[in-house]
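Beneath this line is the structure, given in structure tokens, with notes to follow.
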Amino acid sequence: MEFLIVEGIVVHELTLSAAPPFDFLSVVYSHGWYQLTPFRFNEEPVLETVVRLHSDVVTNIEMRPVDGGVKVRTGEDLSDSDQKNLQDQVSWMLDLEREFSAFYTLAEKEPKLAHVRKRAKGRLLRSPTLFEDLVKTILTTNTSWAGTKRMVSALVDLYGEPAGGTGSEQMKEGGVRKTFPTPQRLAKTSEKELREKARLGYRSPYIYQLAEKVDKGELDLEALKQNQLPVDELYKFLRAIKGVGGYAAAYLLLLLGMYDRIPVDSWAKKLVSVEWYDGEPVGEKHVLERFETWGEWKALAFWLWDWDYMHTLEN
DNA sequence: GGTAGACCTGGACGC
DNA sequence: GCGTCCAGGTCTACC
């Protein structure tokens with residue numbers, strides 16, 4: 001790890017390489033996660049978040065693109081063990097080690113996916129922990145995107161832990177940023193509190209029970225990062241979590257790098273409806289049928305498809 | 001296995 | 001400003 005002085009403040013940096021091809025912005029813009037706190041993004045481009053390291057150090061980090069990878073900056077002088085942990089967390093968030101050559105070879109034959117290799121599409125931005133991604137996914141269901149942002153912000157504001165140290169951005173802006181709350185912290189709340197303070201509505205028991213199970217050791221979500229389960233078993237495992245239905249489970253599989261199931265929500269139906277059915281209402285089976293031939297890559301093909309409907313929104 | 005209704009919130013709309 | 005309606009997935013009960 002190198003140190004340098006930025007605007008009079010000592011910061012520490014490390015550089016990580018990615019499996020080629022890699023495009024920082026393609027990962028950031030892969031889905032809406034970069035808009036959900038504690039992620040914060042500016043067009044410089046810098047992606048920030050707040051992470052908790054092995055030694056329980058909580059620090060704000062900044063991620064910037066460099067040739068073939070990413071540079072990570074923190075205000076903390078980290079131990080060797082924490083540096084390694086930080087590398088692992090950033091590598092997970094940006095999915096640096098995954099490569100997509102098999103998918104790119106297939107995609108070259110489909111004009112609607114012709115852009116994917118050139119723009120190094122495929123990696124999806126992930127939170128440092130699967131718990132954070134799972135809670136955020138539940139908070140996307142049956143609500144507007146504005147509602148999701150509001151609920152996630154409320155959890156971070158109310159129960160997140162402030163970043164310590166002298167993170168450069170914190171010093172610049174004078175504000176202390178917070179982590180996404182741990183399961184242990186949320187397990188100390190109650191369904192009532194999550195409903196009334198964080199305004200999670202009927203999702204409150206789902207989030208509370210999830211936090212409680214992880215806190216008690218009944219559910220080891222982080223082990224799924226090294227998952228060896230067949231995709232169908234993993235899907236069943238996720239579906240068994242209260243609040244995780246078909247859409248949410250498929251979305252989580254997509255984040256985990258398993259592309260066998262398409263997360264079909266009302267937006268997916270809208271896209272398929274306009275693309276192939278003249279805007280007539282379609283059901284889930286129509287969405288699935290259209291991507292069946294993509295086999296183990298079907299969710300990624302769906303996710304990266306160059307949708308006509310999106311162009312109508314741009315015009 | 002399929003389906004209806006309830007869940008909760010915020011935004012849009014009409015008055 | 002207030003009331004009503006609607007959109008958004010998942011759960012439970014029921015067939």
Side-chain angles (χ1 to χ4, degrees), chain A residues 31-33 35-37 124 127 130-159 180-181 183 186 189-214 218-219 221 224 231-256 258-275 277 279-292 298-299 302-303 307 309-310 312-313:
Chain A
H31 61 143
W33 256 214
Q35 299 175 13
L36 296 179
T37 186
L124 271 81
S127 303
L130 203 56
F131 175 73
E132 183 175 333
D133 275 344
L134 183 41
V135 171
K136 285 176 174 174
T137 299
I138 291 174
L139 297 183
T140 64
T141 59
N142 204 27
T143 187
S144 63
W145 183 242
T148 300
K149 290 202 280 189
R150 177 189 56 75
M151 289 185 275
V152 171
S153 292
L155 287 179
V156 172
D157 288 345
L158 289 165
Y159 310 114
F180 191 83
L186 290 184
T189 65
S190 64
E191 293 180 11
K192 185 169 183 283
E193 182 177 337
L194 292 178
R195 187 185 296 267
E196 293 177 359
K197 283 193 178 176
R199 302 193 66 74
L200 303 190
Y202 69 89
R203 302 168 195 81
S204 303
Y206 302 157
I207 303 302
Y208 179 72
Q209 286 164 26
L210 174 63
E212 217 178 14
K213 281 190 174 177
V214 176
E218 294 170 11
L219 195 59
L221 291 176
L224 296 181
V231 65
D232 287 345
E233 281 187 41
L234 186 52
Y235 180 78
K236 279 185 198 163
F237 177 88
L238 293 168
R239 285 295 309 266
I241 297 170
K242 281 282 167 58
V244 177
Y247 162 79
Y251 200 89
L252 287 161
L253 287 179
L254 184 60
L255 289 180
L256 285 166
M258 304 179 86
Y259 311 115
D260 303 64
R261 288 176 184 262
I262 298 174
V264 180
D265 58 2
S266 55
W267 180 246
K269 291 173 191 168
K270 174 79 174 174
L271 292 171
V272 168
S273 159
V274 172
E275 189 85 1
Y277 297 92
E280 290 296 310
V282 302
E284 180 169 351
K285 74 180 181 105
H286 296 93
V287 179
L288 301 182
E289 280 169 9
R290 283 290 165 179
F291 289 90
E292 193 53 43
K298 60 173 78 78
F302 161 80
W303 201 255
W307 298 99
Y309 182 61
M310 303 297 278
T312 65
L313 293 178

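Reckoned from all heavy atoms, side chains included, excluding hydrogens, waters and symmetry mates. First the proteins, then the strands, lettered A, B, ... as listed; each starts at 1.
Rounded to an integer number of Å, the gap from A:Y206 OH to C:dT10 P is 9 Å. Going from atom CG of A:L238 over to atom C1' of C:dG9 covers 16 Å, rounded to whole Å. Per the geometry, NZ belonging to A:K285 stands 17 Å off P belonging to B:dG1, to the nearest Å. Across the protein-nucleic acid pair, A:M151 atom CE and B:dT9 atom C1' stand 7 Å apart, rounded to whole Å. Look at CD on A:Q209: it is 12 Å from C1' on C:dC11, rounded to the nearest Å. Atom pair A:L139:CG and B:dT9:P shows a separation of 13 Å (rounding to whole Å applied). If you measure from atom CG of A:L194 to atom C1' of B:dC8, you get 14 Å, rounded to the nearest angstrom. We find that OH of A:Y251 is positioned 15 Å from C1' of C:dG8, with the value rounded to whole Å.
Residues satisfying the ring-ring contact (aromatic ring centres under 6.0 Å, His included) criterion with A:F180, sequence neighbours excluded, are absent altogether.
Looking at the side chain of A:R195, the nearest of the listed nucleotides B:dG10, B:dC8, C:dC11 is B:dC8. The nucleotide whose nearest atom lies closest to any side-chain atom of A:N142 is, among C:dG9, C:dC11, B:dG10, C:dG9. Closest contact between the side chain of A:K242 and the listed nucleotides C:dG8, C:dC11, B:dG10 involves C:dC11. Here the nucleotide nearest the side chain of A:S266, chosen from C:dT12, B:dT9, C:dG9, is C:dG9.
No contact: A:A146 has no heavy atom under 4.0 Å from any strand. Nucleic acid contact for A:I241: sugar-phosphate only, since backbone atoms but no base atoms lie under 4.0 Å from a heavy atom of the residue. The residue A:G243 sits close only to the backbone: its heavy atoms come under 4.0 Å of sugar-phosphate atoms, none of a base.
Residue A:R150 has a polar side-chain atom (N or O) positioned under 4.0 Å from OP1 or OP2 of B:dG10. A sub-4.0 Å separation between OP1 or OP2 of C:dT10 and a side-chain N or O of A:R239 is absent.
The salt bridge (charged side-chain N to carboxylate O under 4.0 Å, His left out) analysis of residues 132-151 of chain A, with sequence neighbours excluded, yields the pairs A:E132-A:K136.
Ring centroids of A:Y309 and A:W267 are separated by less than 6.0 Å, placing the two rings close together. Taking the six-membered ring wherever Trp is involved, the centroid distance between the rings of A:F291 and A:W303 does not fall below 6.0 Å.
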ask   = What's the verdict on side-chain contact (heavy atoms from CB on, under 4.5 Å) for A:N142 and A:R203, showing C-alpha distance, side-chain angles and the deciding distance?
value = CA-CA 10 Å; A:N142 204 27; A:R203 302 168 195 81; 4.1 Å; yes

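Remark: the A:Y202 side chain and the C:dG9 base include a donor-acceptor N/O pair separated by less than 3.5 Å.
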